[in-house]
Visitor: 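This is the structure I want to talk about, given as C-alpha cells.
What you see is a predicted model, and the numbers here were worked out from it, not measured in a lab.
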Amino acid sequence: MENRSPNDTPNETSNNLGPVLGETPEKPVQTGTFMIMTTSVYVLAPEALLSKSAIALGSIEAFTQSGLKVGVFRPIIRTDVYDTALETLLESTGVNQEYEQAYGVTYAEIRENTEAALTKIIAKYQTLKANFDAIVILGSDYADVIEPIEFQLNAKIAANLNSPVILVISGRAKAPSDLRYAVDFCLSEIEEEGISPFGVVAIGLDSDYLPDYDTALSTLSTPVVITVPGVVASQVKMPTGFTILVDTTKTRVRTPLAFQYELMQKAGSEMRTIVLPEGLEDRILISADIVLSRGIANLIILGKADEILARAEELGLDLSKAKIQDPKDPSMLDSFAAEYTKLRQHKGMTLDKAHETLTNASYFATMMIHMGLADGMVSGAVNTTADTIRPSLEFIKTKPGVASVSGYFLMCLPNQVLVFADCAVTPNPTAENLAEIAAASAETAASFGIEPRVAMLSYSTGTSGSGPDVDLVAEATHLLRTRSPELLVEGPIQFDAAIDPVVAKTKLPDSPVAGQATVFIFPDLNTGNTTYKAVQRTAKAIAIGPVLQGLNKPVNDLSRGALVEDIVNTIAITAIQAQAVPGVSF
C-alpha cells in the first residue's frame, strides 16, 4: 500500500522545468477512424512504497484546474481487500466515478492468463476513456508474486493504453550519480515499449544536497523533473502548464492487443453480415463462436444445419445466433443460377452450367453478396486463393476507376501498425498497378487511423541506382504524386531508409516519409510476400490479412494455415470494410 498518512502535509518541491507554459487546456481530439486521444498520465515506480498516490493526486488537481473532466484508473489491484490507494484517488475533488469502473484486473487474473488480463485492462480503460477528458492511471503496488517483472509489466500496460509515463523513483541512500543511473535504466525500459516518459519525480532526497541531485537530473530529456526532499506526504504539485506538457509528450503507440481491440469495437459498432462458406472446418466454427459471443458481426455459415450443429456441440460451441444456409437449397440455387446466367451469358454461360458452378460454396457465398443477402465473405481456410477470388472478379467486380485487386497485410509490430502491399495478388505489377495499389493502401491506412506516409520500395534509394526495376518504381511514384499531390510519398526507397530514422538521415535527410513510413508498397509479389513473412516471424509481428482491396464489396482470403485469431481478425476487418456501403438486414 502507499506510504502515506492523511494527517501529513505536502513537502515543497523543486521543479526543473525550463520555460513556463500557460494553462490553456487542450481538449481531446479525434484522430482518424479509430483512436480518440484522451489526455492521460501513467504513474509508475520500480519498487513498492514510493508514494505514487501523491503524484497521482497532484496530477488530478492539475487536470481539474485546467477545466478537464478527470477519471482515475488502476490497471491491477489486490484480490482480498478494496484498494485503499484507489479509494483515495476516487475521493479527490473533481473526480466523480464508481469504484468498479476504476480498475482493470486483479493480481490473480494476471497470474492466470496475462494476455487475457491485458485485453480486459484495455477494454475497461477504453470504456472509461469515453467518459472523461483526462485520466490519471496509477501503477501497481508490488504486492504479489509478479514483483520481479512488475515494472516491465506496468510499462507494457502503459504502452497498451498509449499513455505517457511519470516515473517515481527513490533517492534514499543514493548518491546523485547513482540516482541518475537508476533513472536512466528505468527510462530505457519505458522507452523500449515505445512510450514517451513525461516526467521523473525523485523522492526521499537529502535536503542538504538537493542542488547536486538537481544537477544530476538536469540533462534529462523529459518535460518535467521534480526533486522532493524527504518523504512525500500527501500530494506533489504539478508544474504550470501540466496539461499542455502532457499533450505535447503524447505518442501514437498502437500495440497489437490495443489495435485488435479497436478492430472488434469498430466492427461491432455497426453490425454487418458476413458469410463463411467453409462451414465444416473446425477453425471456422470456433472463430464463429468467438465472433458471435463478442458481437463483432452477424454470420451466415454454409453447410447442412444438422452436420454443423452436431460438430459445434462436440466442440462446445454456441452458434445459435448464426444463420446456417444449405448451399444446395433448390429454391436459392434456381434464383442464383438465373442471375449468374444473365451476368455471364456473354461468356457462354448456360443455366445448367450455372447450377453446376454454384454448387461450389465460394460461388454460392459470393452470389449471396451480389444478391444483397450478405455484406461480405471470408474464405480460404480450406479453399485456394483462386477459389476465393475468382467468383468475386466475375460478378462483384472492382470499384469504379480501379483496374486491379490487391492484397494488404496489417503488420502489428510491438508499438505500431503498418500496411504492407501487395503481398497476395499481383505477381508483376506495372507502374500503373503500383500507383493504384499505393493509392488504395493509403486510403486503407487512413481508414484504420494510420497516418499514410507511403514508401515505394526498391533496391535503390533516390537516384543512387538505376535499371528497369528502379525505373518502374520511379514511374509509379511519379504517377502517384501527380494523381494524389496531397499524399506523402517517397520512392524509390529502400526498406531500411523507409523505416529507420537513423538510416533515413543519411540517405534522405529532407524526406517527410523516410524513417517514418507507415505504408510499404513492394515492387512485386515475390518481394512483398517474402518480406511480410520475414517480418512476421523475426519481429514477432501479428500479420492480419491478406485483406483484399479494390472490390465493390469485401471478399477476403485466408491463409490455409490461418489460426483462429487470424480468422476472427479477418472477419472483423471484412465487417469494417462492409460498413462503407449500406448493410443488409439479418
Visitor: For the atom pair CD1 (Ile571) and CD1 (Ile576), what is the distance rounded to the nearest 0.5 Å?
Guide: 12.0 Å

Visitor: The criterion is salt bridge (Lys or Arg N to Asp or Glu O under 4.0 Å); which residues satisfy it with Arg483, sequence neighbours excluded?
Guide: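 So Arg483 forms a salt bridge (Lys or Arg N to Asp or Glu O under 4.0 Å) with Glu432.
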
Visitor: Near Glu115 CD, under 6.0 Å, is it more than 12 heavy atoms from other residues, nucleotides or ligands?
Guide: no

Visitor: Are any non-hydrogen side-chain atoms of Lys323 and Ile301 less than 4.5 angstrom apart?
Guide: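 A side-chain contact under 4.5 Å is absent here.
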
Visitor: Once side chain to side chain contact (heavy atoms under 4.5 Å, CB included) is applied, do any residues pair with Thr398, and if so which ones, sequence neighbours excluded?
Guide: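 Checked Thr398 against side chain to side chain contact (heavy atoms under 4.5 Å, CB included); matches are Val402, Val405.
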
Visitor: Who passes side chain to side chain contact (heavy atoms under 4.5 Å, CB included) against Ala543, sequence neighbours left out?
Guide: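 Applying side chain to side chain contact (heavy atoms under 4.5 Å, CB included) to Ala543 gives Phe409, Met411, Tyr532, Gln536.
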
Visitor: Got Val136 and Phe63 here, is their nearest side-chain heavy-atom distance under 4.5 Å?
Guide: yes

Visitor: Is the backbone N or O of Leu488 less than 3.5 Å from a side-chain atom of Arg481, with the two atoms forming a donor-acceptor pair by type?
Guide: no

Visitor: Could you give me the CA-CA distance, side-chain angles and deciding distance for Glu281 and Leu285, then say whether side chain to side chain contact (heavy atoms under 4.5 Å, CB included) is met?
Guide: CA-CA 6 Å; Glu281 165 59 41; Leu285 297 181; over 6 Å; no

Visitor: How far apart are the closest heavy atoms of Pro327 and Gly303, and which atoms are they?
Guide: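 Heavy-atom minimum between the residues: CD-N, 3.5 Å.
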
Visitor: Show the nearest heavy-atom pair for residues Cys423 and Asn529, with the distance to one decimal.
Guide: O-ND2, 3.0 Å

Visitor: Checking side chain to side chain contact (heavy atoms under 4.5 Å, CB included) for the pair Thr273/Leu299: CA distance, chi angles, key distance, verdict?
Guide: CA-CA 5 Å; Thr273 300; Leu299 295 179; over 6 Å; no

Visitor: Quick check: closest heavy atoms across Ala381 and Ile284, and the distance to 0.1 Å?
Guide: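 Residues Ala381 and Ile284, closest heavy atoms: CB-CD1, 4.2 Å.
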
Visitor: Please enumerate all residues that pass salt bridge (Lys or Arg N to Asp or Glu O under 4.0 Å) together with Asp282, with sequence neighbours excluded.
Guide: Arg311

Visitor: Residues in ring pair (Phe, Tyr, Trp, His ring centres under 6.0 Å) with Tyr261, at least two apart?
Guide: none

Visitor: Please walk me through it: do Asn556 and Gln577 pass side chain to side chain contact (heavy atoms under 4.5 Å, CB included)?
Guide: CA-CA 10 Å; Asn556 283 312; Gln577 288 178 308; 2.8 Å; yes

Visitor: With distance as the sole test, does Glu436 use its side chain to make a donor-acceptor pair with the main-chain N or O of Ser404 at under 3.5 Å?
Guide: yes

Visitor: Would you call Glu278 and Arg283 a salt bridge, using N to O less than 4.0 angstrom?
Guide: no

Visitor: More than 12 heavy atoms of other residues, nucleotides or ligands under 6.0 Å from NZ of Lys304: yes or no?
Guide: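 Count not over threshold, so no.
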
Visitor: Does Leu118 reach the side chain of Val105, with side-chain heavy atoms less than 4.5 Å apart?
Guide: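 Not touching, per the 4.5 Å side-chain cut-off.
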
Visitor: Tell me every residue that passes side chain to side chain contact (heavy atoms under 4.5 Å, CB included) with Ala534, counting only those two or more places apart in sequence or in another chain.
Guide: none

Visitor: How close do Ala575 and Arg272 get, heavy atom to heavy atom, and via which atoms?
Guide: O-CG, 3.7 Å

Visitor: OG/Ser163 to CD1/Ile157 distance, rounded to the nearest 0.5 angstrom?
Guide: 11.5 Å

Visitor: Count the heavy atoms of every other residue, nucleotide or ligand shown that sit under 6.0 Å from CD of Glu307, and state whether that count exceeds 12.
Guide: yes

Visitor: Distance-only check: which donor-acceptor pairs under 3.5 Å involve side-chain atoms of residues 518-525, not counting sequence neighbours?
Guide:
unit_1: Thr518; atom_1: OG1; unit_2: Glu451; atom_2: O; d: 2.6
unit_1: Thr518; atom_1: OG1; unit_2: Arg453; atom_2: N; d: 2.9
unit_1: Asp524; atom_1: OD1; unit_2: Asn526; atom_2: N; d: 3.2
unit_1: Asp524; atom_1: OD1; unit_2: Thr527; atom_2: N; d: 2.7
unit_1: Asp524; atom_1: OD1; unit_2: Thr527; atom_2: OG1; d: 2.8

Visitor: Would you please say whether a donor-acceptor pair under 3.5 Å links the side chains of Glu193 and Asn160?
Guide: no

Visitor: Is there any side-chain hydrogen bond (donor to acceptor under 3.5 Å, both in side chains) pair reaching into residues 405-421, and which pairs are they, with sequence neighbours excluded?
Guide: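 Every pair satisfying side-chain hydrogen bond (donor to acceptor under 3.5 Å, both in side chains) with a residue in residues 405-421: Ser406-Gln549.
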
Visitor: Roughly how far apart are Lys156 NZ and Ile121 CD1, rounded to 0.5 Å?
Guide: 12.0 Å

Visitor: Please test Asn131 against Gln101 for side-chain hydrogen bond (donor to acceptor under 3.5 Å, both in side chains), starting from the C-alpha separation and ending with a verdict.
Guide: CA-CA 11 Å; Asn131 299 317; Gln101 300 176 307; over 6 Å; no

Visitor: Sequence neighbours left out, what pairs pass ring pair (Phe, Tyr, Trp, His ring centres under 6.0 Å) with at least one residue falling in residues 310-336?
Guide: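 As it turns out, the ring pair (Phe, Tyr, Trp, His ring centres under 6.0 Å) pairs with a partner in residues 310-336, which skip direct neighbours, are Phe336-Phe364.
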
Visitor: Kindly compute the distance separating CG (Leu153) from CG (Leu44), expressed to the nearest 0.5 Å.
Guide: 10.5 Å

Visitor: For Ala439, what residues pass the side chain to side chain contact (heavy atoms under 4.5 Å, CB included) criterion, not counting sequence neighbours?
Guide: Leu480

Visitor: Excluding sequence neighbours, so at least two apart, what forms side-chain hydrogen bond (donor to acceptor under 3.5 Å, both in side chains) with Asp289?
Guide: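 Asp289 satisfies side-chain hydrogen bond (donor to acceptor under 3.5 Å, both in side chains) with no other residue.
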
Visitor: Atom NZ of Lys129 and atom OG1 of Thr39: how far apart are they, to the nearest 0.5 Å?
Guide: 10.5 Å

Visitor: If the threshold is 4.0 Å, N to carboxylate O, is there a salt bridge linking Asp133 and Lys69?
Guide: no

Visitor: Would you say Asp387 and Ser362 are linked by a side-chain donor-acceptor pair, where the criterion is simply a distance under 3.5 Å?
Guide: no

Visitor: Might you work through the side chain to side chain contact (heavy atoms under 4.5 Å, CB included) test for Gln260 and Asn569, ending with a clear yes or no?
Guide: CA-CA 7 Å; Gln260 288 176 89; Asn569 286 335; 3.1 Å; yes

Visitor: Taking atom CG of Leu161 and atom CD1 of Ile135, what is their separation to the nearest 0.5 Å?
Guide: 8.5 Å

Visitor: Heavy-atom count check: over 12 atoms from other residues, nucleotides or ligands less than 6.0 Å from Glu270 CD?
Guide: yes

Visitor: Determine the minimum heavy-atom distance between Ala455 and Val513, stating which atoms define it.
Guide: N-CG1, 4.3 Å

Visitor: Tell me the closest heavy-atom pair linking Val275 and Pro277, and the distance in Å.
Guide: O-CD, 3.6 Å

Visitor: What residues form a side-chain hydrogen bond (donor to acceptor under 3.5 Å, both in side chains) with Glu100, not counting sequence neighbours?
Guide: Tyr103

